[in-house]
Amino acid sequence: MSESNKPVKPQLIQPRTLKGFRDHLPETMIPREQLIQTAREVYRSFGFGPIDTPTLEYLEILTGKGSEETDRQLYKFQDHGGRDVGMRFDLTVPLARFVAQHINELGTPFKRYHIAPVWRGENTQRGRYREFMQCDFDTIGTLSVAADIETGLVINALLASIGFERFTIHINNRQVLNGLLDKLGLSDQATPVLRSLDKLAKIGEEKVIAEMVQAAGTSEEQARSVLAMAALEGSNEEILQQLRLIVAGNELGEAGVDRLEQILTGMLAGGVPAERIKLDVSIARGLDYYTGAIFETFLDDLPDIGSVCSGGRYDNLAELYTKRQLPGIGASLGLDRLLAAMEELGMISNVKTTAEVLVTYFDKNALGKYLEIAANLRAAGLNVEVYPDAKKLGQQLKYADARGFAYAIIAGEDELARDTLQIKNLTTGESTEHPIASAASALSDMINKANA
RNA sequence: GUGGCUGUAGCUCAGUUGGUUAGAGCACUGGAUUGUGGUUCCAGGGGUCGGGGGUUCGAAUCCCCUCAGCCACCCCA
């Protein structure tokens, strides 16, 4: 064969995904969707309603605050009509626009949840992607401490419903910090001071002080005063007591401590176990738009993974878009972190099927019968898959086992002649024979018993 | 965005100072006297060594570029 007769290789396109963007296989999507479903149920149980907003917004909506960092991370381009547009990088800015636009239809208080992907063109790292889900809930239009308390209750309910028992909700109030900064004459440097303070756990006391002196222009003494407050330890009651002394004489600070106390007692009254709540003046979140309560939630068994649910109160959500003042409070569940934690803690089963029952395709002349059996089981509320090929039974069971099915239905010539089928429990290996007519209720009973 | 480390089958890796048809385990597919899985045994598919270019008689192995992953910084609205 000469060179020219060689078949031309088709030019394949290399299958790949963009940096920071991920595919999700069923085995990871199943727990992911379960988590989202749980969050949805918890949000709804408190009366939050679902909303959605467009992926793309006018660029000016997103760049409103216009920091350099925003510019660097924002995905932006011109659409076919020459409009400058950007992809949302969080759900809060779209919420602000949404609320400003619709508040008259919505009325206040307005409680919504929003579970949707956002995009940031930042450098990737473990757990940091360019496309990821946010899972937010917020209450807009009330300054009441009841909304602050409820935020804590929702956080508690979220984690408990997901299956965590050992976690701690750290609570702070920006007013306390601001009160102290006010007292120290550092009000104008609040943002850089708090940004440094937020790094306390990460880089240690001395470095934070150094950074405050250098970046925020405080004196070393001022920096130490801020640190002294952040380092307060003891029971929640003891911390409250010491805070009162520290901010004494400063109106803002005193009000902040009062508020903190109300949140604490409110959460206890709302059923949050005391050991899950920790007043922690050191958490400041890097975000300078928080003005009141701040929440961060850590898993006791995996504190290093960071906060899995964070949020806080902000005074004026929509000030860029409306003259109406709209205070709000809310928080966001860290979906990816939580899934990583659950994986690490062995809380995720390796079930790769969404159906619990596999109807085996045994007698190749009886497909119609199998489809009928499956339909009856589905009518009884079960998720059922019919194996598509009349392969050897052993292979079908192997498939069922590998995917994590709980039950297999086996009906060959013998059973069908008797109008019966076998229900095989794949966990125990036990097999029982039932009349086809009553199989659905028998199987439902078995599943209910197993779940009880 | 800056700096550093890494990149060999789906996964975890081996591959001697550059030398012939690139290997293992797991996973996958099929089989082991044709109605029952998770054990065992056998066989098989799958890689142009992330991609492109260069040095060389010869490169997975050296050099450059690029893409991707990880770590730190930055940042986390």
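The structure presented is a predicted model; accordingly, all values stated were derived computationally and were not measured. Every chain is numbered from 1, with letters handed out A, B, ... down the list of sequences.
Residues satisfying the salt bridge (Lys or Arg N to Asp or Glu O under 4.0 Å) test with A:R378, not counting sequence neighbours, are none. Under the side chain to side chain donor-acceptor pair (under 3.5 Å) criterion, A:Q101 pairs with A:R97, sequence neighbours left out.
Between A:L74 atom CG and B:G1 atom C1' the separation is 15 Å, expressed in whole Å. A:L397 places its CG atom 9 Å from the P atom of B:G38, with the value rounded to the nearest Å.
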Check your understanding: Under the side-chain hydrogen bond (donor to acceptor under 3.5 Å, both in side chains) criterion, do A:T17 and A:D23 qualify, and how do the steps go?
Key -> CA-CA 8 Å; A:T17 49; A:D23 284 329; 5.2 Å; no
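Taking the ring centroids of A:F298 and A:H170, they lie under the 6.0 Å cut-off.
Considering only heavy atoms from C-beta on, A:F48 comes within 4.5 Å of A:E150 through its side chain.
Close to B:G69, at under 4.0 Å from its OP1 or OP2, lies a side-chain N or O of A:K19. Here A:T17 does not reach the OP1 or OP2 of B:A68: none of its side-chain N or O atoms lies under 4.0 Å away. For the pair A:Q125 and B:G69, the criterion of a side-chain N or O lying under 4.0 Å from OP1 or OP2 is not met.
Relative ring orientation between A:Y314 and A:Y290 is described as tilted, the plane-to-plane angle lying within the 30° to 60° band.
B:G19 and B:C13: their C1' atoms are spaced 24 Å apart (whole Å).
Against RNA chain B, the stretch residues 84-91 of chain A makes heavy-atom approaches under 4.0 Å through A:F89, A:D90.
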Check your understanding: Using Watson-Crick and G-U wobble pairs whose two distances are both under 3.5 Å, how do you write the pairing of RNA chain B as dot-bracket, with | for links to another strand?
Key -> (((((((..((((.....[...)))).(((((.......))))).....(((((..]....))))))))))))....
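Applying the ring-ring contact (aromatic ring centres under 6.0 Å, His included) test to every pair with at least one member in residues 320-361 of chain A, sequence neighbours left out, gives these pairs: A:Y361-A:Y370.
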Using a cut-off of under 3.5 Å, enumerate the N/O to N/O pairs linking the protein to nucleotides 28-31 of chain B.
| residue | atom | partner | partner atom | Å |
| --- | --- | --- | --- | --- |
| B:G30 | OP1 | A:K391 | NZ | 2.8 |
| B:G30 | OP1 | A:Q395 | OE1 | 3.3 |
| B:G31 | OP2 | A:Q395 | NE2 | 2.4 |

